[in-house]
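A quick write-up on the structure given underneath.
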Amino acid sequence: MKLLRVGLPGAERPVVLGQDGTAYDLSGRTPDIDGAFLAGLDPAELARAVAGGALPVTDIAGQRVGAPLVRPGKVVGIGLNYRDHAAEAGAQIPTEPVVFLKPSNTVVGAYDEVLVPRGSEKTDYEAELAIVIGRTARYLETHQDAAAVVAGYTVANDVTERAFQFERGGQWDKGKSAETFTPLGPWLVTADEVADPQRLPVRTWVNGALRQNGSTAEMIFPVLEIVRYLSHFMVLEPGDVIVTGTPAGVTLGHPGTPFLQPGDVVEIEIDGLGRQRQVLGKA
């Protein structure tokens with residue numbers, strides 16, 4: 001199933017898309033797509049409700065599409081998780097996942113404006129597969145255990161200010177935490193519809209020019225290993241989001257290519273998970 005939230009910021013309502021693209025209102029089942037809803041989600045039962053006419057059809061044409069889940073408890077990032085990206089960054093291949101945290105208030109919708117921060121010199125894009133957690137996870141032992149706690153997947157832009165990240169004391173969180181720096185969506189696709197999260201093409205365009213053209217097959221640490229690993233360092237809860245790293249092609253890896261400026265347009269697509277588009281503004 002494809003889950004989304006439509007409406008003005010702070011007033012979104014939950015919707016599910018049928019196989020033919022028809023939108024159905026979920027407001028009678030849940031006030032929002034949040035951790036509590038995801039913890040009780042049964043995609044097969046929801047599909048039966050859609051097929052059986054138990055949910056009202058709703059018109060979402062022309063409405064803003066928000067992030068596909070309400071503000072998460074935490075956003076966990078994985079750095080340098082593609083071999084080609086590590087190479088373009090001049091970094092060693094990590095022996096364990098590189099972990100950082102992003103504030104949950106960086107999350108915005110897939111088509112919302114992304115703001116270049118004040119004082120920014122090197123705002124960059126990062127197309128990423130995002131994992132959405134659906135069950136509480138602690139000290140998971142196997143990849144099978146990890147699969148059981150994944151609610152689904154969505155598209156993320158892990159926007160990063162490189163000067164803040166590398167030139168202001170060496171703390172990655174400084175470059176990851178500005179407002180609007182985690183566009184998510186447009187949909188949350190439930191895990192049952194993603195046959196293999198390690199076979200998903202990932203692409204980014206900036207002002208119409210293709211910049212990233214990779215695949216999740218190139219991850220150093222695959223999706224289920226990331227979930228298993230993180231559960232030994234923090235409790236993952238329903239509604240948490242994990243952004244899993246970016247393939248080669250970011251501005252950082254191409255000296256002479258200009259970083260993002262107000263007015264630029266970034267588009268990111270992952271096959272089966274949808275396409276997002278942001279116009280850059282200024283904070």
### Task
Test I78 against every option in V98, V243, V99 by the side chain to side chain contact (heavy atoms under 4.5 Å, CB included) rule and name the one that passes.
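It is V99, the one option of V98, V243, V99 that forms the side chain to side chain contact (heavy atoms under 4.5 Å, CB included) with I78.
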Indicate the atoms forming the closest heavy-atom contact of [X] with [Y], along with that distance.
X: A130; Y: L184; value: CB-CD2, 4.3 Å
X: Q276; Y: V155; value: NE2-O, 3.2 Å
X: D240; Y: P72; value: CA-CB, 4.4 Å

### Message
Less than 6.0 angstrom from the centroid, inside 45 degrees of the normal: does R275 satisfy that with respect to the ring of W205?
### Response
yes
Report yes if some heavy atom in the side chain of [X] is under 4.5 Å from a heavy atom in the side chain of [Y]; otherwise report no.
X: Q19; Y: K2; result: no
X: I131; Y: V227; result: yes
X: T123; Y: E121; result: no
X: R13; Y: I60; result: yes

#### Entry: Steps toward side chain to side chain contact (heavy atoms under 4.5 Å, CB included) verdict (M219, L129)
CA-CA 11 Å; M219 285 185 180; L129 173 67; 4.2 Å; yes
### Message
Strictly below 4.0 Å, N to O, side chains only: are R203 and E269 in salt-bridge contact?
### Response
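Salt bridge: yes.
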Give a yes-or-no answer on whether the side chains of [X] and [Y] include a donor-acceptor pair shorter than 3.5 Å.
X: R64; Y: Y111; answer: no
X: T204; Y: R211; answer: no
X: S120; Y: E161; answer: yes
X: Q278; Y: N157; answer: yes
X: T251; Y: D124; answer: yes
X: T246; Y: E126; answer: no

### Task
Decide yes or no on side chain to side chain contact (heavy atoms under 4.5 Å, CB included) for L200 and L273, but give the supporting numbers first.
CA-CA 9 Å; L200 299 175; L273 302 185; 4.2 Å; yes
### Nearest-0.5 Å distance that lies between atom OH in Y139 and atom CG in D145
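One gets 15.0 Å once the value is rounded to the nearest 0.5 Å.
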